[in-house]
Amino acid sequence: MSNEDKFKKVISHAKEYGFIFQSSEIYDGLSAVYDYGQNGTDLKNNIKDYWIKSMVQLNENIVNIDSAILMHPTIWKASGHVDAFNDPLIDNKDSKKRYRADVLVEEHIAKIENKILKEVSKAKKRFGDNFDLDQFSSTNPRVVGYKTKIKDITETFSKALESDDLISLKKLIEDLEIVCPVSGSKNWTDVKQFNLMFGTKLGASAENATDLYLRPETAQGIFVNFLNVQKTGRLKIPFGIAQIGKAFRNEIVARQFIFRMREFEQMEMQYFIKPGTQKEWYSKWKKTRLAWHLSLGLGKENYRFHDHEKLAHYADAACDIEFNFPFGFKELEGIHSRTDFDLSSHEKYSSKKIKYFDPQSNESYTPYVLETSIGLDRMFLAVFSKSLIEEELADGSKRVVLKIPKILAPKKIAILPLLKKDGLPELSKKIIEDFKWDFNTVYDEKDAIGRRYRRQDALGTPFCLTIDHQTLDDGTVTIRDRDSMVQQRMTVDEVKTKIKNELDIKTWLSF
Ligand code: ATP
């Protein structure tokens, strides 16, 4: 199946099984805005919980806050968002389609990188065990040529972006002969800067209204509360403040389902440290965050780091954790060493002293900040797309199964009476009454048992319990595992212990 087909399946499965709906669908939808359905909301909440447990509950020195979406407008001046939160946009005159100029160049580079990968995989097959990747990459004329090309493009590209040179950016797109994927033409407009913040108004009458912005990131709510939290929590550096919340960006191109939305959620953590220790903390948080992702078992090969060549105005080091989405490796999480940029800037703009007093050294200083920032919706897409699998079974039939990491699955247990009679539904309901205190449990009595298993597979429910006549006699049930499809007979208490063990957060988050 092509990646494009796979992605289409992901989108249609998300809708069909109540995970994600287009926002305002009955009014033909609102572009790049989505609603989470009954199962999507459970999955999303479980991801939040997994993040907050590992970030806050397991770290004595990291606390949680929930700041408002609406903030004083000067905050966005201080943070640099009013002046610098822009994306370069370009239009194709024939298709009238709008693109991000930087993304067009990045995709061109990705195509050349793919050519290198193809050469490598061909050579691997040819040379077998004798294949030496380093030697091949540095001597094969085609690969060397591609690498030089990438280096040249990257140099020109970085220079243009760093100096905001939009003319050179357009020239690069023309020189690379990049065509519009819709019209196939190279008929481009000039590149323009476009600010991504959504504006809104505060106030009852038009004359007295104040212009505000919907926050484009949650981080600033943490910075402006730095002293409040540090003082009231009597926190000592190093310490962190975590927050999950909505952010809004008027994205120019928003075509990849929940990967790029105009309203989305971020899970951010700002770690306040002593100046000079940022390198050490940067590498520690890179390791910790990757370990968090790997703990879910979606496959090591699906993650990679991408170091930023062009650093944002606030950073002295930055990288992304990229994930292998159905449309290729793309940013899932950012890790940024933000220096003292934000706190110093808020100190300047607010004229309030924002310093930390170190009781040990008896000195005051502006802390440096290490940030980890992950998009909750992107994390959802990563989990959902990697878990959706079409399997061929031994008898030749197929099943669609959502092998979501069990700890994140929306519903944990489905209780299924074998028949809709003989007291089996009543007994099933009694078992639910017992299980629902510990696990998100659902009941299903409609259709043949095989079809009910398939339905729960498609929803990602890890365990199905079948209640039959033997249950009436000896209190045992059949437990079926979603992934292996193995069925075992055991008592209800044994089932409870087994499921508790498999969903033990300690096992999942001990890394
Ligand atoms: P991109 O380069 O993809 O636009 P970014 O570098 O602007 O992303 P950050 O500002 O670092 O993103 O935001 C932190 C995280 O928030 C990202 O890693 C991503 O997971 C998430 N995120 C950013 N923009 C969006 C969006 N429009 N929709 C969904 N998630 C987003």
Side-chain angles (χ1 to χ4, degrees), residues 10-11 14-15 18-24 29-57 62-71 75-76 79 81 85 196-198 200 213-225 240-251 254-270 289 292-293 296 320-323 325 330-336 371-387 404-405 407-410:
V10 166
I11 297 171
K15 176 168 183 198
F19 284 87
I20 297 170
F21 308 123
Q22 175 74 61
S23 155
S24 324
L30 188 64
S31 153
V33 187
Y34 292 90
D35 296 338
Y36 284 82
Q38 64 281 19
N39 294 310
T41 305
D42 282 348
L43 172 54
K44 200 172 159 191
N45 284 339
N46 292 344
I47 296 174
K48 283 191 208 180
D49 193 52
Y50 198 66
W51 185 84
I52 216 83
K53 281 217 167 90
S54 86
M55 239 351 146
V56 180
Q57 191 170 321
I62 302 182
V63 296
N64 220 345
I65 66 162
D66 183 12
S67 69
I69 288 170
L70 299 177
M71 297 166 86
I75 287 173
W76 306 112
S79 68
H81 282 81
F85 196 53
L196 300 178
M197 282 197 294
F198 277 106
T200 186
Y213 297 104
L214 300 184
R215 66 179 179 198
E217 62 175 28
T218 56
Q220 296 305 323
I222 295 179
F223 294 128
V224 298
N225 277 300
I241 305 179
Q243 163 156 245
I244 298 179
K246 289 260 180 173
F248 303 82
R249 295 183 187 178
N250 197 1
E251 297 280 0
R255 294 193 196 113
Q256 280 163 324
F257 192 39
I258 56 167
F259 179 80
R260 192 173 296 288
M261 302 155 91
R262 296 202 163 99
E263 173 180 341
F264 58 100
E265 255 178 289
Q266 289 185 314
M267 306 193 284
E268 297 199 298
M269 194 281 300
Q270 311 294 327
R289 292 305 303 147
W292 181 84
H293 286 285
L296 289 168
D320 301 329
I321 294 179
E322 293 188 335
F323 184 76
F325 288 99
K330 294 266 181 211
E331 172 176 346
L332 170 59
E333 169 159 8
I335 298 166
H336 312 124
E371 165 182 79
T372 73
S373 171
I374 174 170
L376 174 55
D377 313 87
R378 278 192 197 176
M379 184 61 198
F380 185 112
L381 183 59
V383 169
F384 193 84
S385 60
K386 222 21 105 191
S387 304
I404 296 179
I407 191 85
L408 301 182

What is the distance from atom [atom1] of [X] to atom [atom2] of [Y], rounded to the nearest 0.5 Å?
X: Glu263; Y: Ser23; atom1: CD; atom2: OG; value: 8.0 Å
X: Leu332; Y: Arg378; atom1: CG; atom2: CZ; value: 8.0 Å
X: Ile244; Y: Leu376; atom1: CD1; atom2: CG; value: 7.0 Å
X: Ile69; Y: Arg215; atom1: CD1; atom2: CZ; value: 5.0 Å
X: Leu381; Y: Lys330; atom1: CG; atom2: NZ; value: 12.5 Å
X: Arg262; Y: Tyr34; atom1: CZ; atom2: OH; value: 10.0 Å

Note, [X] side chain near [Y] side chain (heavy atom, < 4.5 Å):
X: Leu296; Y: Ile407; result: yes
X: Ile241; Y: Ile62; result: no
X: Pro410; Y: Gln38; result: no
X: Asp377; Y: Lys44; result: yes
X: Val33; Y: Ser24; result: no
X: His293; Y: Ile374; result: yes

>> Test side-chain contact (heavy atoms from CB on, under 4.5 Å) on Trp292 and Met55; report intermediate values, then the result.
In response: CA-CA 10 Å; Trp292 181 84; Met55 239 351 146; over 6 Å; no

Side-chain donor-acceptor pair present, [X], [Y], cut-off under 3.5 Å:
X: Ser79; Y: Gln220; result: no
X: Glu217; Y: Ser373; result: no
X: Glu371; Y: Gln270; result: yes

>> For Tyr36, run the side chain to side chain contact (heavy atoms under 4.5 Å, CB included) check against Asn45, Leu43, Ile258 and tell me which one passes.
In response: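 For Tyr36, the side chain to side chain contact (heavy atoms under 4.5 Å, CB included) check succeeds only for Ile258.
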
For residues [X] and [Y], report the shortest heavy-atom separation together with the two atoms involved.
X: Glu268; Y: Ala219; value: OE1-N, 2.6 Å
X: Ser387; Y: Pro405; value: OG-CD, 4.0 Å
X: Met267; Y: Ile47; value: CE-CG2, 4.0 Å

Indicate yes or no for a side-chain donor-acceptor contact from [X] to the backbone of [Y] under 3.5 Å, with no hydrogens or angles considered.
X: Ser54; Y: Trp51; answer: yes
X: Asn46; Y: Ala409; answer: yes
X: Gln266; Y: Thr218; answer: yes
X: Gln22; Y: Gly29; answer: no
X: Glu333; Y: Ile321; answer: no
X: Arg249; Y: Pro216; answer: yes

>> For Met197 and Trp76: C-alpha separation, side-chain torsions, deciding distance, then whether side-chain contact (heavy atoms from CB on, under 4.5 Å) applies.
In response: CA-CA 10 Å; Met197 282 197 294; Trp76 306 112; 4.0 Å; yes

> What class does the angle between the rings of Phe380 and Phe384 fall in, given that below 30° is parallel, 30 to 60° is tilted and above 60° is perpendicular?
Replying inline: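 Answer is parallel, since the angle falls under 30°.
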
>> Is it the case that the ring center of Phe257 lies less than 6.0 angstrom away from the ring center of Phe259?
In response: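 Ring centres of Phe257 and Phe259 not closer than 6.0 Å.
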
> So does Lys15 have more than 12 non-hydrogen atoms from other groups sitting under 6.0 Å from NZ?
Replying inline: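 Result for NZ/Lys15: open.
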
> Are more than 12 heavy atoms from other residues, nucleotides or ligands located less than 6.0 Å from atom CZ of Phe85?
Replying inline: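 Above 12, so yes.
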
>> Once salt bridge (charged side-chain N to carboxylate O under 4.0 Å, His left out) is applied, do any residues pair with Glu331, and if so which ones, sequence neighbours excluded?
In response: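 Listed in chain order: nothing, the list is empty.
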
> Mind checking what makes salt bridge (charged side-chain N to carboxylate O under 4.0 Å, His left out) contact with Asp42, not counting sequence neighbours?
Replying inline: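 Partners of Asp42 by the salt bridge (charged side-chain N to carboxylate O under 4.0 Å, His left out) criterion, ordered by chain and then number, come out as Lys411.
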
>> Run the side-chain contact (heavy atoms from CB on, under 4.5 Å) test on Leu70 and Leu214 for me, step by step, so that the C-alpha distance in whole Å, both residues' side-chain angles and the decisive distance to 0.1 Å come before the verdict.
In response: CA-CA 6 Å; Leu70 299 177; Leu214 300 184; 3.9 Å; yes

